[in-house]
Amino acid sequence: MPELPEVETVRLDLVRDVVGRTIVAADVTGRRTVRRQDPAAFTAALASRRVESVGRHGKYLFARLDDASALVAHLRMSGSLQLVAGGAGVGREPHTHVVLALDDGSELRFVDPRTFGELFVTADVAPDGRPHALAALGVDPLLDPLDASIVRELVGRRRTALKAMLLDQRAIAGVGNIYGDEICFRARLRPDRRTESVSAGEASRLAGAVVDVLTEAVAARGSTLRDARYRDLRGGHGEYQHRHAVYGRAGEPCPRCGRAVERVRIAGRSSFLCPACQR
DNA sequence: CGCATATCCTGACTGC
DNA sequence: TGCAGTCAGGATATGC
């Protein structure tokens with residue numbers, strides 16, 4: 001569901017279509033989406049604010065506003081941001097929880113069937129515009145250098161399954177279940193490999209796989225699964241799902257060697273792997 | 001510390 | 001065809 005590539009795709013769309021716009025009014029209709037603060041404070045903080053820029057760290061988006069505060073968004077499982085031209089006259093789809101009216105008559109809507117997603121406004125922002133609420137996040141592989149030495153250090157600091165480390169946002173920010181499996185496949189490492197057994201050469205492969213898989217997925221505008229809710233800002237879908245080597249492909253032939261892809265459970269999550277290619 | 005489990009929630013899918 | 005049950009997953013909390 002939305003992981004780093006999907007969130008980055010939305011960020012690029014927001015930079016193109018929303019940066020420079022002013023929020024005329026905010027309307028919170030859902031009960032759970034704005035939960036870190038009083039919805040009235042949320043709407044008051046957004047009224048008349050101009051969007052200066054949009055950043056991302058891991059799976060979090062943050063729009064810097066002209067009073068140096070930031071609107072922070074996390075899509076979680078099923079959230080999406082939809083930009084609707086001529087918004088006020090266009091019916092809201094089900095599960096629309098927050099609507100921001102913009103000064104060009106469009107609406108930026110937060111739609112989220114499962115209501116795990118979250119929006120909040122914070123003035124607790126670093127000079128570079130990063131909200132302090134995101135301070136605990138680890139390395140973002142597309143913003144910060146992620147090389148073999150950093151992966152060696154991350155791997156050396158914990159004793160767990162490789163997949164569990166990849167899903168830990170305090171280590172590497174932005175990887176979720178789908179890309180975690182694709183990264184392990186690319187690195188030719190089993191997702192249930194113990195971190196303490198990863199060699200220097202394998203750490204190097206892993207670092208390359210993280211950056212390469214995520215970069216390719218961004219270029220393909222992310223993955224939209226069959227059941228999935230992920231859509232970009234204009235409702236379009238991604239294309240990277242057609243290039244998944246193992247995720248969701250249990251029983252299908254491995255694209256590298258032809259062996260059947262297996263499904264196992266690691267850290268409470270379904271994981272897909274090729275038992276021949278990944279060691 | 002690691003790791004499993006439960007929680008939040010809806011919709012898609014499975015099996016009867 | 002319909003309906004109940006299961007599963008999906010991001011982050012977080014809790015218990016072992």
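Convention: sequence-line order gives letters A, B, ...; per-chain numbering from 1. Values below: all heavy atoms of this structure, side chains included; hydrogens, waters and symmetry mates excluded.
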[X] [atom1] - [N] [atom2] separation (whole Å):
| X | N | atom1 | atom2 | answer |
| --- | --- | --- | --- | --- |
| A:Leu4 | C:dG10 | CG | C1' | 14 Å |
| A:Leu137 | C:dG10 | CG | P | 15 Å |
| A:Asp112 | C:dG9 | CG | P | 17 Å |
| A:Tyr230 | B:dG11 | OH | P | 21 Å |
| A:Asn177 | C:dC7 | CG | C1' | 13 Å |
| A:Asp168 | B:dC1 | CG | C1' | 13 Å |
| A:Arg170 | B:dC1 | CZ | P | 8 Å |
| A:Asp181 | C:dG10 | CG | P | 11 Å |

Heavy-atom neighbours of A:Arg159 CZ exceed 12 at 6.0 Å: no
Is it true that the side chains of A:Asp124 and A:His132 contain a donor and an acceptor less than 3.5 Å apart? yes
Given C:dG10, is OP1 or OP2 found less than 4.0 Å from the side-chain N or O atoms of A:Gln169? no
Any side-chain N or O of A:His74 under 4.0 Å from OP1/OP2 of C:dG10? no
Looking across every strand, which nucleic acid part, if any, lies under 4.0 Å from [X] by heavy atom: base, sugar-phosphate, or nothing?
| X | result |
| --- | --- |
| A:Ala164 | nothing |
| A:Ser270 | sugar-phosphate |
| A:Tyr179 | nothing |
| A:Arg265 | sugar-phosphate |
| A:Arg31 | nothing |

Pairs under 3.5 Å (N/O, protein and nucleotides 7-9 of chain B):
unit_1	atom_1	unit_2	atom_2	d
B:dC9	O4'	A:Arg114	O	3.4

The criterion is salt bridge (charged side-chain N to carboxylate O under 4.0 Å, His left out); which residues satisfy it with [X], sequence neighbours excluded?
| X | value |
| --- | --- |
| A:Glu216 | A:Arg186, A:Arg243 |
| A:Asp67 | A:Arg49 |
| A:Arg50 | A:Glu52 |

A:His95 or A:Ala267: which one's nearest nucleotide on DNA chain B is closer to the 5' end? A:Ala267
Answer whether the closest heavy-atom distance between the side chains of A:Arg56 and A:Leu142 falls below 4.5 Å. yes
A:Glu202: which of A:Arg152, A:Arg193, A:Arg194 passes salt bridge (Lys or Arg N to Asp or Glu O under 4.0 Å): A:Arg193
Out of A:Arg234, A:Arg231, A:Arg221, which one pairs with A:Asp13 under the salt bridge (Lys or Arg N to Asp or Glu O under 4.0 Å) rule? A:Arg221
What are the two closest heavy atoms between A:Gln278 and A:Pro191, and how far apart are they? NE2-CD, 3.8 Å
Name all residues meeting the side chain to side chain donor-acceptor pair (under 3.5 Å) criterion together with A:Gln241; count only those two or more places apart in sequence or in a different chain, and write none if there are none. none
Please report how far the helix from B:dG2-C:dC16 to B:dC16-C:dG2 bends, comparing the axis fitted to its first five pairs with the axis fitted to its last five, to the nearest 10 degrees. 60°
